[in-house]
Amino acid sequence: MDSSIIILPLVFIYGILVGSFLNVCIYRIPRHENIVTTPSHCMSCGYGLKWYDLIPVFSWLWLRGKCRKCKTPISKQYPIIEALNGILWVLVIGVCGLTTEGVLYCLFTSALLVLSVIDFRTYEIPFGINVFIALLGGVQVVTDLSNWFIYALGFVLVSGIFYIAFLVTRGNGIGGGDIKLMAAAGLLLGAPKVFLAMIIGCALAVIIHSIRMKVSSADHRLAFGPYLAAGLFLSAMAGDPLITWYFGLF
């Protein structure tokens, strides 16, 4: 029997469970609320949620997207983040296998989801998320010591470029959170992948944000974090073959 038939469904289940916690982080971190000890509750009436109200995706569907007590609509963000985290975890393990790197990339993906939503709403990347990613990078370095220089170079390569841009524009062209994000991610991915992530992220920002400015009347201030996060994820998943393909052209 193919082991993936058993492993991938379990990965999805773990992914949506973690996705439920990600929603807690997304809601509470910008409000500086405790993400561990405060019990889950309805944001409208304060109803303390029971275990059967907290089953990822399925509880929201069962309750038809409303609080059990006050019937206030519950944001679609909750099942979307839960399901998306589960799907992305399956993709990561499908690409990397159930390895140390695969587990690190799963946790990295979850961190990118949280910072993307928070940055999109607040234009700030929480410092704690960057610290968490840096810790993942530390584990990566320790488990792959023979390539320590690639990770060390990754730590300073793109973050250094961004820091120069920060100085030149006096903080108007790039944010400090973006600099810290690329330093932490560079420690995890290494120099080639984090540089590729920068290129992808910048390209996505130019294309998508330009479209948003043309078709939307919303605030056109750029939240760079979600685009960098997309570049980082794509580079983590497909960076090696893309880099090999590129250099094979010469």
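Only heavy atoms go into these numbers, but all of them, side chains included; no hydrogens, no water, no symmetry mates.
- Applying the salt bridge (Lys or Arg N to Asp or Glu O under 4.0 Å) criterion to D240, with sequence neighbours excluded, gives K193.
- Proximity of a side-chain donor or acceptor of W60 to a complementary backbone N or O of Y78 within less than 3.5 Å is not detected.
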task: Test side-chain contact (heavy atoms from CB on, under 4.5 Å) on Y105 and I93 and set out the steps.
output: CA-CA 9 Å; Y105 281 0; I93 297 303; over 6 Å; no
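- Remark: side-chain polar atoms of E124 are not paired, donor with acceptor, to backbone N or O of D119 under 3.5 angstrom.
- Sequence neighbours left out, the pairs with a member in residues 225-248 that pass ring pair (Phe, Tyr, Trp, His ring centres under 6.0 Å) are Y246-F250.
- Rounded to the nearest 0.5 Å, atoms CE (M182) and CG (L228) are 5.0 Å apart.
- The side-chain hydrogen bond (donor to acceptor under 3.5 Å, both in side chains) analysis of residues 7-28, with sequence neighbours excluded, yields the pairs N23-Q77.
- Considering CG of N172 and CZ of F166, their distance stands at 9.0 Å, rounded to 0.5 Å.
- Residues C70 and C67 share a closest heavy-atom pair of N-SG, 3.5 Å.
- No single ILVMFWY cluster, assembled from side-chain heavy atoms under 4.5 Å apart, contains both V206 and I200.
- With contacts defined as side-chain heavy-atom distances shorter than 4.5 Å, the pair D144/T100 does not qualify.
- Residues A230 and L204 come closest through the heavy atom pair CB-CD1, 3.8 Å.
- By the 6.0 Å contact criterion, CZ on F195 is open, its count of non-hydrogen atoms from other residues, nucleotides or ligands being 12 or less.
- The distance from atom OH of Y151 to atom CG of L187, rounded to the nearest 0.5 Å, is 9.5 Å.
- Put simply, L157 and W148 are part of two different groups of oily side chains (I, L, V, M, F, W, Y) that touch within less than 4.5 Å, one to the next.
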- request: Run the numbers on M237 and C96 for side-chain contact (heavy atoms from CB on, under 4.5 Å), then give the verdict.
  value: CA-CA 8 Å; M237 292 298 94; C96 302; 4.0 Å; yes
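- Contact between I125 and G225 at its shortest, heavy atoms only, is CD1-CA, 4.1 Å.
- One hydrophobic cluster, built from ILVMFWY side chains closer than 4.5 Å, holds both V92 and L98.
- Here the CG-CG distance, from L136 to L189, works out to 10.5 Å after rounding to the nearest 0.5 Å.
- Note that CG of N34 and CD1 of I29 are 10.5 Å apart. Values are rounded to the nearest 0.5 Å.
- Among all heavy-atom pairs drawn from A185 and I133, the shortest one is N-CG2, 3.8 Å.
- Among the candidates V18, I26, N85, I118, the single residue satisfying the side chain to side chain contact (heavy atoms under 4.5 Å, CB included) test with L113 is N85.
- Between Y123 and F120, the shortest heavy-atom distance links the atoms CZ-O, 4.4 Å.
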message: Working note: F21 + I35, criterion side-chain contact (heavy atoms from CB on, under 4.5 Å); need CA distance, chi angles, decisive distance, verdict.
response: CA-CA 8 Å; F21 177 67; I35 63 174; 3.8 Å; yes
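- Cluster membership for W89 and L8, using ILVMFWY side-chain heavy atoms within less than 4.5 angstrom, is shared.
- Residues F132 and F127 have side chains not in contact (no heavy-atom distance under 4.5 Å, counting atoms from C-beta outward).
- Residues W62 and L17 do not share a hydrophobic cluster, clusters being chains of Ile/Leu/Val/Met/Phe/Trp/Tyr side chains in contact below 4.5 Å.
- C25 and P30 make their closest contact through O-CD, 3.9 Å (heavy atoms, listed as atom of the first residue, atom of the second, distance).
- Looking only at side-chain heavy atoms (C-beta outward), I150 and P192 come within less than 4.5 Å of each other.
- Taking OG of S59 as the reference point, atom CZ of R68 lies at 7.5 Å (rounded to 0.5 Å).
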